[in-house]
Amino acid sequence: DQQVKQNSPSLSVQEGRISILNCDYTNSMFDYFLWYKKYPAEGPTFLISISSIKDKNEDGRFTVFLNKSAKHLSLHIVPSQPGDSAVYFCAASGTTSGTYKYIFGTGTRLKVLA
Amino acid sequence: DSGVTQTPKHLITATGQRVTLRCSPRSGDLSVYWYQQSLDQGLQFLIQYYNGEERAKGNILERFSAQQFPDLHSELNLSSLELGDSALYFCASSAPYWDNTQYFGPGTRLTVL
(Lines give C-alpha, C1' and ligand atoms only; values in the text may rest on other atoms or scores of the structure.)
Protein backbone atom coordinates (compact mmCIF):
# COMPACT_ATOMS: atom_id res chain seq x y z
CA ASP A 1 0.00 0.00 0.00
CA GLN A 2 1.85 3.05 -1.29
CA GLN A 3 0.51 5.88 0.86
CA VAL A 4 2.78 8.49 -0.71
CA LYS A 5 3.14 8.45 -4.47
CA GLN A 6 5.31 10.27 -6.94
CA ASN A 7 3.88 9.18 -10.26
CA SER A 8 6.57 10.70 -12.45
CA PRO A 9 9.82 8.76 -12.13
CA SER A 10 11.70 11.34 -14.17
CA LEU A 11 11.42 14.90 -15.46
CA SER A 12 13.60 16.93 -17.84
CA VAL A 13 13.49 20.73 -17.85
CA GLN A 14 15.45 23.39 -19.67
CA GLU A 15 17.70 25.62 -17.57
CA GLY A 16 15.89 28.78 -16.48
CA ARG A 17 12.42 27.27 -16.80
CA ILE A 18 10.13 26.08 -14.02
CA SER A 19 10.37 22.53 -12.64
CA ILE A 20 7.21 21.14 -11.08
CA LEU A 21 7.43 17.92 -9.11
CA ASN A 22 4.25 16.30 -7.84
CA CYS A 23 3.34 14.11 -4.91
CA ASP A 24 0.05 12.51 -3.88
CA TYR A 25 -0.89 10.96 -0.57
CA THR A 26 -3.80 8.85 0.49
CA ASN A 27 -4.00 9.20 4.27
CA SER A 28 -5.64 12.34 5.64
CA MET A 29 -3.87 11.91 8.97
CA PHE A 30 -0.62 13.21 7.45
CA ASP A 31 -0.14 16.77 8.69
CA TYR A 32 3.44 17.64 7.79
CA PHE A 33 5.10 17.29 4.42
CA LEU A 34 8.71 17.56 3.37
CA TRP A 35 10.81 17.49 0.24
CA TYR A 36 14.29 16.00 0.16
CA LYS A 37 16.91 16.17 -2.54
CA LYS A 38 19.36 13.37 -3.22
CA TYR A 39 22.53 13.39 -5.28
CA PRO A 40 24.14 10.09 -6.34
CA ALA A 41 26.25 8.41 -3.64
CA GLU A 42 24.97 10.82 -0.97
CA GLY A 43 22.22 10.69 1.62
CA PRO A 44 19.04 12.72 1.05
CA THR A 45 19.11 16.28 2.32
CA PHE A 46 16.16 18.31 3.53
CA LEU A 47 14.95 20.96 1.11
CA ILE A 48 11.66 22.49 2.23
CA SER A 49 8.60 21.58 4.27
CA ILE A 50 5.01 22.60 4.82
CA SER A 51 2.52 22.12 7.63
CA SER A 52 -1.05 21.16 6.86
CA ILE A 53 -2.24 24.49 8.26
CA LYS A 54 -0.64 26.26 5.32
CA ASP A 55 -1.11 25.94 1.58
CA LYS A 56 2.16 27.47 0.47
CA ASN A 57 5.72 27.79 1.72
CA GLU A 58 8.50 29.55 -0.12
CA ASP A 59 12.26 29.48 0.30
CA GLY A 60 14.24 31.23 -2.40
CA ARG A 61 13.78 29.43 -5.70
CA PHE A 62 11.77 26.64 -4.05
CA THR A 63 8.06 26.77 -3.29
CA VAL A 64 5.90 23.96 -1.98
CA PHE A 65 2.14 24.02 -2.50
CA LEU A 66 -0.30 21.88 -0.55
CA ASN A 67 -3.84 21.08 -1.65
CA LYS A 68 -5.38 19.19 1.27
CA SER A 69 -8.70 18.49 -0.40
CA ALA A 70 -6.91 16.81 -3.30
CA LYS A 71 -4.27 15.26 -1.03
CA HIS A 72 -1.65 16.65 -3.34
CA LEU A 73 1.52 18.63 -2.95
CA SER A 74 3.94 20.01 -5.46
CA LEU A 75 7.42 21.47 -5.46
CA HIS A 76 8.16 24.34 -7.83
CA ILE A 77 11.73 25.30 -8.67
CA VAL A 78 12.11 28.64 -10.45
CA PRO A 79 14.39 29.19 -12.23
CA SER A 80 15.77 25.69 -12.62
CA GLN A 81 19.55 25.35 -12.63
CA PRO A 82 21.77 22.45 -13.75
CA GLY A 83 22.83 21.95 -10.12
CA ASP A 84 19.22 21.11 -9.30
CA SER A 85 19.59 17.85 -11.20
CA ALA A 86 18.99 15.19 -8.56
CA VAL A 87 16.35 12.80 -7.26
CA TYR A 88 13.61 14.50 -5.26
CA PHE A 89 11.65 12.63 -2.61
CA CYS A 90 8.50 13.87 -0.94
CA ALA A 91 7.69 12.65 2.56
CA ALA A 92 4.56 12.79 4.67
CA SER A 93 4.29 12.48 8.42
CA GLY A 94 1.56 12.33 11.02
CA THR A 95 0.12 10.46 13.97
CA THR A 96 -3.02 8.39 14.09
CA SER A 97 -4.22 6.28 17.02
CA GLY A 98 -0.91 6.88 18.71
CA THR A 99 1.12 5.57 15.77
CA TYR A 100 3.56 8.00 14.18
CA LYS A 101 4.25 7.51 10.49
CA TYR A 102 6.86 9.07 8.24
CA ILE A 103 6.61 7.82 4.68
CA PHE A 104 8.69 8.65 1.62
CA GLY A 105 7.56 8.62 -1.97
CA THR A 106 9.48 6.70 -4.62
CA GLY A 107 11.27 9.77 -5.94
CA THR A 108 11.40 11.79 -9.15
CA ARG A 109 14.67 12.17 -11.03
CA LEU A 110 14.98 15.78 -12.25
CA LYS A 111 17.36 16.60 -15.05
CA VAL A 112 17.94 20.26 -15.82
CA LEU A 113 19.37 20.72 -19.28
CA ALA A 114 21.88 23.49 -19.88
CA ASP B 1 27.72 17.49 6.29
CA SER B 2 24.54 16.41 8.09
CA GLY B 3 26.32 15.42 11.29
CA VAL B 4 25.16 11.80 10.94
CA THR B 5 27.95 9.31 10.42
CA GLN B 6 27.72 5.80 9.05
CA THR B 7 30.33 3.08 8.89
CA PRO B 8 31.50 1.35 6.84
CA LYS B 9 31.01 3.25 3.60
CA HIS B 10 31.20 0.07 1.51
CA LEU B 11 30.78 -3.56 2.43
CA ILE B 12 31.22 -6.57 0.18
CA THR B 13 30.29 -9.98 1.50
CA ALA B 14 28.98 -13.37 0.44
CA THR B 15 25.54 -14.93 0.62
CA GLY B 16 24.73 -16.47 3.97
CA GLN B 17 27.00 -14.12 5.88
CA ARG B 18 26.14 -11.63 8.62
CA VAL B 19 27.09 -7.94 8.72
CA THR B 20 26.65 -5.02 11.09
CA LEU B 21 26.12 -1.45 9.95
CA ARG B 22 26.78 1.36 12.37
CA CYS B 23 25.24 4.81 12.70
CA SER B 24 25.99 7.75 14.96
CA PRO B 25 23.21 10.36 15.05
CA ARG B 26 23.63 14.12 15.22
CA SER B 27 24.54 15.40 18.64
CA GLY B 28 21.37 15.72 20.69
CA ASP B 29 19.13 13.72 18.36
CA LEU B 30 17.30 10.92 20.11
CA SER B 31 15.62 9.28 17.11
CA VAL B 32 17.39 7.04 14.64
CA TYR B 33 15.81 5.66 11.48
CA TRP B 34 17.07 3.00 9.10
CA TYR B 35 16.18 2.91 5.40
CA GLN B 36 17.00 0.62 2.51
CA GLN B 37 17.33 1.87 -1.05
CA SER B 38 17.69 -0.75 -3.79
CA LEU B 39 18.71 0.07 -7.37
CA ASP B 40 17.40 3.65 -7.53
CA GLN B 41 14.19 2.63 -5.84
CA GLY B 42 12.52 4.72 -3.18
CA LEU B 43 13.53 4.81 0.44
CA GLN B 44 12.07 1.81 2.21
CA PHE B 45 11.65 2.48 5.91
CA LEU B 46 12.99 -0.37 8.02
CA ILE B 47 12.86 0.64 11.67
CA GLN B 48 12.99 3.59 14.09
CA TYR B 49 14.48 3.84 17.55
CA TYR B 50 13.88 6.61 20.04
CA ASN B 51 16.16 6.97 23.03
CA GLY B 52 17.02 3.28 23.02
CA GLU B 53 13.57 1.89 22.41
CA GLU B 54 11.99 0.62 19.23
CA ARG B 55 9.41 3.18 18.11
CA ALA B 56 8.16 2.06 14.71
CA LYS B 57 8.70 -0.84 12.39
CA GLY B 58 8.45 -0.83 8.63
CA ASN B 59 9.24 -3.45 6.01
CA ILE B 60 12.06 -5.03 7.95
CA LEU B 61 12.79 -8.69 7.30
CA GLU B 62 13.06 -11.12 10.20
CA ARG B 63 16.70 -11.72 9.19
CA PHE B 64 17.38 -8.06 10.02
CA SER B 65 17.51 -6.55 13.48
CA ALA B 66 18.59 -3.28 15.01
CA GLN B 67 19.31 -1.70 18.33
CA GLN B 68 20.12 1.69 19.79
CA PHE B 69 22.68 1.89 22.54
CA PRO B 70 22.79 4.18 25.61
CA ASP B 71 25.17 6.54 23.80
CA LEU B 72 22.43 6.73 21.10
CA HIS B 73 24.44 5.17 18.31
CA SER B 74 22.60 2.44 16.45
CA GLU B 75 23.50 -0.76 14.69
CA LEU B 76 21.63 -2.61 11.97
CA ASN B 77 22.38 -6.32 11.82
CA LEU B 78 21.72 -8.21 8.60
CA SER B 79 22.04 -11.99 8.68
CA SER B 80 21.72 -14.93 6.27
CA LEU B 81 22.39 -12.44 3.53
CA GLU B 82 20.90 -12.95 0.08
CA LEU B 83 21.79 -11.38 -3.25
CA GLY B 84 18.65 -9.25 -3.04
CA ASP B 85 19.91 -7.59 0.12
CA SER B 86 22.45 -5.66 -1.94
CA ALA B 87 21.43 -2.04 -1.50
CA LEU B 88 22.26 1.31 0.01
CA TYR B 89 21.39 1.46 3.68
CA PHE B 90 20.79 4.91 5.11
CA CYS B 91 20.55 6.00 8.68
CA ALA B 92 18.83 9.23 9.65
CA SER B 93 18.31 11.06 12.91
CA SER B 94 15.89 13.71 14.05
CA ALA B 95 15.32 15.99 17.01
CA PRO B 96 12.27 15.22 19.10
CA TYR B 97 8.89 16.79 18.41
CA TRP B 98 9.70 20.28 17.21
CA ASP B 99 11.55 19.29 14.07
CA ASN B 100 10.14 16.83 11.58
CA THR B 101 13.26 16.99 9.48
CA GLN B 102 15.36 13.88 9.20
CA TYR B 103 19.10 14.27 8.74
CA PHE B 104 20.63 11.50 6.69
CA GLY B 105 24.03 9.92 6.83
CA PRO B 106 26.02 9.20 3.64
CA GLY B 107 24.87 5.59 3.57
CA THR B 108 26.52 2.19 3.53
CA ARG B 109 26.62 0.39 0.20
CA LEU B 110 26.23 -3.35 0.77
CA THR B 111 27.11 -5.75 -2.00
CA VAL B 112 26.28 -9.41 -1.54
CA LEU B 113 28.05 -11.73 -3.96
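Every chain is numbered from 1, with letters handed out A, B, ... down the list of sequences.
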Notebook entry, point to check: Would you say the side chain of B:Thr15 lies within less than 4.5 Å of the side chain of B:Leu113, judging by non-hydrogen atoms?
Noted result: no
Item checked: Toward chain B, the part of A:Ala91 with a non-hydrogen atom under 4.5 Å -> neither
Notebook entry, point to check: At a heavy-atom separation under 4.5 Å, does A:Ser49 approach chain B through its side chain, its backbone, both, or neither?
Noted result: neither
Check: Do the non-hydrogen side-chain atoms of A:Cys90 and A:Trp35 ever get within less than 4.5 Å of each other?
Finding: yes
Note to self: If hydrophobic clusters are built from ILVMFWY residues whose side chains come within less than 4.5 Å, do B:Phe45 and B:Ile60 share one?
What the structure shows: no
Item checked: Heavy-atom proximity to chain B below 4.5 Å, by part of A:Lys101 -> neither
Next item on the list: Return the option, out of A:Gly107, A:Gly43, A:Pro9, with the maximum number of heavy-atom pairs under 4.5 Å with chain B.
Entry: A:Gly43
Next item on the list: Could you tell me whether A:Asp84 and A:Arg61 have a side-chain N and a carboxylate O separated by less than 4.0 Å?
Entry: yes
